[in-house]
2 protein chains.
Amino acid sequence: MPTDKNIDLTISEGHASPPPKAAKKILDVAYDLFYRRGIRAIGVDEIVKRAGVTKPSLYRSFPSKDELAASYLRQYDLEYWERFDEAVAAHPGDPRAQIKAFLTRIGKRTQVADYRGCGMTNAAVEYPDHSHPARMVSEANKQELRRRLRAMAVAMGAQDPDTLGDGLLLLIEGAYISGQLFGLGGPAQAVARNADLLIEASLKK
Amino acid sequence: MPTDKNIDLTISEGHASPPPKAAKKILDVAYDLFYRRGIRAIGVDEIVKRAGVTKPSLYRSFPSKDELAASYLRQYDLEYWERFDEAVAAHPGDPRAQIKAFLTRIGKRTQVADYRGCGMTNAAVEYPDHSHPARMVSEANKQELRRRLRAMAVAMGAQDPDTLGDGLLLLIEGAYISGQLFGLGGPAQAVARNADLLIEASLKK
DNA sequence: TGACAATGTTACCGATCGGTACGTATACAT
DNA sequence: ATGTATACGTACCGATCGGTAACATTGTCA
């Protein structure tokens, strides 16, 4: 079947053909609009208009709006773990400092006007149906987050690593949500402090 | 101006006229659909169909879909504080036990299939615009939650009550979100345990 | 019996939704 | 130059969106 839609947006290097420029523009615009205003709130017409392309161009690169939303989240996923790994790399062998660095960054990020939380979390709220393409990306991302946090709780020497890992996840999700709910001066700025208290209380004596 | 739409759904007692039956049916159905599937995902046509009424009936009782959504959240708000006050009343003068009771209940509630989190939180995610009627109800509810939690942190004798109150709020919001993200066996079941650890670590020595 | 308020009925509005049939322009290899 | 493939644009589709106009029907109370 020659109906292979070009979802793979890999930028071909050097001499190779630098293909679908439209697809990249579309995904960039969709990323911004979906994140800031919500997926359901944005129609494909607005996306193609802002991207300076036309609708058929969108549907040549993406099989549906739902799949475009999933692509947006896959991009979000990439950048999410980049940020996560930066915090980890900044404190080699010190998981507690890694967590603190990651949460301090989140806490800061929530303290800007019109902060919109986590794109993954938001997408899951918008699409309760577990079979929706966007939600599946979101759920996979969160499972991975849970896995990493629990592993770090083990490395920290927690009495009950699963409980601590999950507690950290709750604080993080709480920061994402309350960041967009309260705006400046909200509870999210206290996330790193509370996480550190929780860690301290969870270590083996 | 005689355009007083009947948003007040007070049930008149006894002999008084038991008016708008349609409005109640509409709000009940809207409540269920908005909560389970999301506000943006549900059209007014589906609401009136499931309620067994017609569209003009809806627009005689509610000025717009947005206002119907706000009414849904006002109802949600009422029931929310009912549940909160139940946990408080169960442990008079013992804020720590009150929190524990409230969070244990949340933790249990999240452990059912197709749990959909907090209607207030979800609405805020669906409507980033701060001027949207539904979002305004949601934000007011969360401000009140923050106020109460901080007051309870004071009553518990926390070293830094604002930080503890906000930490509890983060855990709660995290439970709402991860409850619907992870389904059974998710991190939300650990919310009460983590809250208690955090409280213990936050008290004056 | 008459008046009023609440609900129902039917039909409609313009706007927007996600998605597509089909013709055109451009690039490159031969 | 010509064929071939790929990318793009014009114009359109049916369905649904939130919302309304105009009128008929019902039940209640005076």
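When each of D:dG9, D:dC17, D:dG19 is scored by its nearest atom to the side-chain atoms of B:Asp45, the top-ranked nucleotide is D:dC17.
Note: NZ (B:Lys49) to C1' (D:dC17) measures 16 Å, nearest angstrom. Put simply, CD1 on A:Ile47 is 16 Å from P on C:dT16, counting in whole angstrom units. Rounded to an integer number of Å, the gap from NZ of A:Lys65 to P of C:dG19 is 9 Å. Taking atom CG on A:Asp66 and atom C1' on C:dC17, their separation rounds to 13 Å, with Å as the unit. Counting to the nearest Å, the C1' atom of C:dG8 and the CD1 atom of B:Ile26 are 12 Å from each other. Rounded to whole angstrom, the span from the CG atom of A:Leu58 across to the P atom of D:dT10 amounts to 16 Å. Across the protein-nucleic acid pair, B:Phe62 atom CZ and C:dT7 atom P stand 11 Å apart, rounded to whole Å.
For A:Tyr72, the side-chain hydrogen bond (donor to acceptor under 3.5 Å, both in side chains) test picks out no residue, with sequence neighbours left out. Remark: A:Ala30 engages A:Phe34, A:Ile47, A:Leu68 in a side-chain contact (heavy atoms from CB on, under 4.5 Å) (not counting sequence neighbours).
A heavy atom lying under 4.0 Å from DNA chain C marks none of the residues of residues 31-42 of chain B.
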With side chain to side chain contact (heavy atoms under 4.5 Å, CB included) as the test, would you mind laying out the steps for A:Leu197 and B:Ser202 before giving the verdict?
CA-CA 7 Å; A:Leu197 278 168; B:Ser202 303; 3.8 Å; yes
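Within the structure, the salt bridge (charged side-chain N to carboxylate O under 4.0 Å, His left out) test picks out the following pairs touching residues 166-191 of chain A (sequence neighbours left out): A:Lys142-A:Glu173, A:Arg146-A:Asp166, A:Arg150-A:Asp166. Within the structure, every pair that satisfies the salt bridge (charged side-chain N to carboxylate O under 4.0 Å, His left out) test and touches residues 184-196 of chain B, not counting sequence neighbours, is listed here: A:Asp160-B:Arg193, B:Arg96-B:Asp196. Applying the side chain to side chain donor-acceptor pair (under 3.5 Å) definition to pairs two or more places apart or across chains, those involving residues 102-112 of chain B are B:Glu86-B:Arg105. Listed by first then second residue, pairs satisfying salt bridge (charged side-chain N to carboxylate O under 4.0 Å, His left out) with a partner in residues 40-50 of chain A read A:Arg37-A:Glu46, A:Asp45-A:Lys55, A:Glu46-A:Arg50, not counting sequence neighbours. Applying the salt bridge (charged side-chain N to carboxylate O under 4.0 Å, His left out) test to residues at least two apart or on different chains, the pairs with a partner in residues 128-137 of chain A are A:Arg135-A:Glu139.
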Pull out every protein N or O sitting under 3.5 Å from an N or O of nucleotides 21-23 of chain C, one pair per line with the distance.
none

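Distances shorter than 4.0 Å separate none of the side-chain N or O atoms of B:Tyr59 from OP1 or OP2 on D:dT20. Regarding contacts with the backbone of C:dG8, a side-chain N or O of B:Ser57 is found under 4.0 angstrom from either OP1 or OP2.
A donor-acceptor contact under 3.5 Å links the side chain of B:Lys55 to the base of D:dG19.
Looking at A:Glu79 and A:Tyr76, their side chains never come closer than 4.5 Å, going by heavy atoms from C-beta outward.
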